[in-house]
Amino acid sequence: MAADPAITLRLPDGKPLPMPKGSTLLEVAKAIGARLAKDAIAAKLDGRIVDLSERVQSDAQVAILTPQSPEGLAVIRHSAAHVMASAVKQLFPGALVTIGPAVDDGVNGFYYDFDFDRGFTEEDVAKITARMEEIIRQDVPFARSEVSRDEAQARFAAQGESYKLELLEAIPAGEQVSLYQHGEFVDLCRGPHLPSTGRIPAFKLMSVAGAYWRGDSKRKMLARIYGNAFASKKDLEAHLSLLEEARRRDHRLLGKQLDLFSFSPSVGGGLVLWHPKGAQVRYLIEDFWRQTHFDYGYELVNTPHIGRAELWQTSGHLGFYKDNMYAPMEIEGNPFYLKPMNCPFHIEIYKSALRSYRDMPIRFAELGTVYRYEASGVLHGLMRVRGFTQDDAHIFCRPDQLDREIRRCLQHTFFLLRAFGFDKFDIYLSTRPEKFVGEPADWERAQEALRSAMQAEGLEFKIDPGEGVFYGPKIDIKIHDSLGRSWQCTTVQVDFNLPRRFEVEYVDQNNTRVQPFMVHRALLGSIERFFGVLLEHHAGRFPAWLAPVQAVVLPVTRDQQAYAQKVQAAFRAAGLRVQLDDRSEKLGFRIREAQLAKVPFMLVVGQREVEQGGVSPRAGGGEDLGFMSLDEAIGRLSREAARPARPVVEEV
RNA sequence: GCCCACAUAGCUCAGUCGGUAGAGCACUUCCUUGGUAAGGAAGAGGUAAUCGGUUCGAUUCCGAUUGUGGGCUCCA
């Protein structure tokens, strides 16, 4: 040992660790601590995630990965995918293996795709689970080997694994590839993997689905099995109960239970029917939205649902967006299209007058209802529909105003989203893609404006290089809901395409006509989807200012009916949405119904309340607030059901 | 759109190995007026998603269509 030349490894805390050259990472872990060595499942060597069996030959940065780290968890899940594939091959030798990575979509942690003609049934999944448990119990070691591509081809050809051969085709001849083997099962895989199958602490197969080979709808449909794996049984249980909670607050279920909206096969898929209570909430959202837009200096506009084909020709939508547009309808010989976007109309309003640099910025906002063709298979409740209302706006501004306008948009966005109860966000800046329109210099300028606006607002953001739309860079904001799931709502996009196509201009200080910057932005995204997200976020219990019914008056007996009507009228006069439930049912029954309807307040009035001229409110949570005078109760409910305060708009 | 699954009363579901269907809740009427999460009785309600086919006979088997769910792809 002493003869081995020493190397120095640098640990995450910055401490140096001298080790003999050629030590395995497991030995490194042991040198750090016995407990760490026991927990270790893989390691990070100069940023590269590798097996514990890998030998370190030179000085390097080293971190030992345990199941507690996201990377460690990914290794467990990837290994679980291999174990699943081996179980499938044992049970169904006719199934061909394809790929099986670790993923993290909030539900699943890994999958493996098989070419298996019969497809997998529930019973198959149960059998596969049992076989996987056996393989894990046997604690079979994962062994890595490196072979030439040609040798790998020969091996997979012998096994008839045609998909693996296809993957190998893409690798240059003569290159080394890595194989991972546990038991009989060998897979082409970069790795890394756990030391052995016994190191998978807890897993569950979640579902079976179809998936195209290489995600290409022209290629073969494969049978995919999804699963998830965790660092402990407890983590798995927690995950499953989170999924259970998500099912419980599924907006489609709540929409039915609370009588908010529905879909009808007679109307068509993806077309929402808003019931009175749902429409009430929607209008409250929209009213608040409008008020904030006035506060942030927008002017509201209103535009038609259809427009002539020429308009969409000019905008370019018939070129790049046609697949999402409905077939044209002919009106007196002219083709018209249902609008998939509002921009061309807002531009026409802009162009209805000659604009001066003094007029800028011009901010047009509209709750514009658009129709987009969506393949039937992707429709999903309110989250993915064919007709929806965008909270759309277009800002036309001078180059020197862009930065300021973006900051304003961001302030407006966060004000609005916070008002609805969201306070955690992921922000992304998407930059110029390979195919783009406009001048690179303008792109630079716009990207810089987006970046500096976010920095000025003190926002942390990630950059998605090359993920911008072809017409301009954009900022996307995802909100986190109460279950920790994230939803893309807000998008702020600079557009270099439409101003050019429509010859949008203003007259500058030098009396020359120049093209303004144009910004598209949707803050809530789509009202339909936002409503769905909001519904799930609050589990159907809207904040009192949005509740379709804010209180229900419950007379104890028929004798208080007249008084109850007076109470209802008094609350209504104060602007509260109050209903009266004087059906001949017992009080307990009516309380139960109001509770299930998630009404924030119940106003119980019996003989005592009549005599003393008050009410006894009960909060939606079940708390009896005790007797109070009518004025006191109206004051309290008015405060609790107050709309969020208006924003303080800073001029930046 | 593609793969798989599903579609029975307003809702949630049961049942029918091919012989035209049932429960609970909701609804209507009556009784009950009860102080903080389900009082009682009676009644009404179904062209079994739609359209074809096989069969003496189809809600049940087969096909198509529409819709829904889980995915793929795409996106607000």
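Chain identifiers are assigned alphabetically (A, B, ...) following the order of the sequence lines, protein sequences preceding nucleic acid strands; residue numbering begins at 1 within each chain. No experiment lies behind these values; they were computed from the predicted model shown.
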Q | nucleotides 35-46 of chain B: protein proximity per nucleotide (B base, S sugar-phosphate only, - neither; heavy atom, under 4.0 Å) | A | BBBBB-------

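Scored by the salt bridge (Lys or Arg N to Asp or Glu O under 4.0 Å) test, Lys586(A) finds no partners at all (sequence neighbours excluded). In this view, Phe114(A) and Tyr112(A), Phe120(A) satisfy the ring pair (Phe, Tyr, Trp, His ring centres under 6.0 Å) rule, not counting sequence neighbours. Take Arg485(A) and apply the side chain to side chain donor-acceptor pair (under 3.5 Å) test, not counting sequence neighbours, and it matches Asp481(A), Glu536(A). Listed by chain and number, the residues in a ring pair (Phe, Tyr, Trp, His ring centres under 6.0 Å) with Tyr326(A) amount to none (sequence neighbours excluded). In this view, Phe461(A) satisfies the ring pair (Phe, Tyr, Trp, His ring centres under 6.0 Å) rule with no residue, not counting sequence neighbours. The ring pair (Phe, Tyr, Trp, His ring centres under 6.0 Å) check on Phe420(A) picks up Phe288(A), Phe530(A), Trp545(A), with sequence neighbours excluded.
Here ring pair (Phe, Tyr, Trp, His ring centres under 6.0 Å) pairs that include residues 244-278 of chain A, with residues two or more places apart or in two chains, are Trp274(A)-Phe531(A).
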Return the polar atom pairs (N/O with N/O) between nucleotides 5-13 of chain B and the protein under 3.5 Å, or none.
residue	atom	partner	partner atom	Å
U12(B)	OP1	Lys256(A)	NZ	3.0

Name every donor-acceptor pair, under 3.5 Å, that has one atom in a side chain of residues 520-528 of chain A and the other anywhere in the protein, sequence neighbours excluded.
residue	atom	partner	partner atom	Å
His520(A)	ND1	His394(A)	NE2	2.9
His520(A)	NE2	Asp495(A)	OD2	2.7
Arg521(A)	NH1	His293(A)	NE2	2.9
Arg521(A)	NH1	Tyr298(A)	OH	3.2
Arg521(A)	NH2	His293(A)	NE2	3.2
Arg521(A)	NH2	Asp391(A)	O	3.0
Ser526(A)	OG	Glu528(A)	N	3.3
Ser526(A)	OG	Arg529(A)	N	3.0
Glu528(A)	OE1	Thr389(A)	N	2.8
Glu528(A)	OE2	Arg282(A)	NH1	3.0

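Listed in residue order, the members of residues 220-227 of chain A having a heavy atom less than 4.0 Å from RNA chain B are Met221(A), Arg224(A), Tyr226(A).
Base pairing in RNA chain B yields stems of at least 3 consecutive Watson-Crick or G-U pairs, both distances under 3.5 Å, namely B:1-7 with B:66-72, B:10-13 with B:22-25, B:27-31 with B:39-43, B:49-53 with B:61-65.
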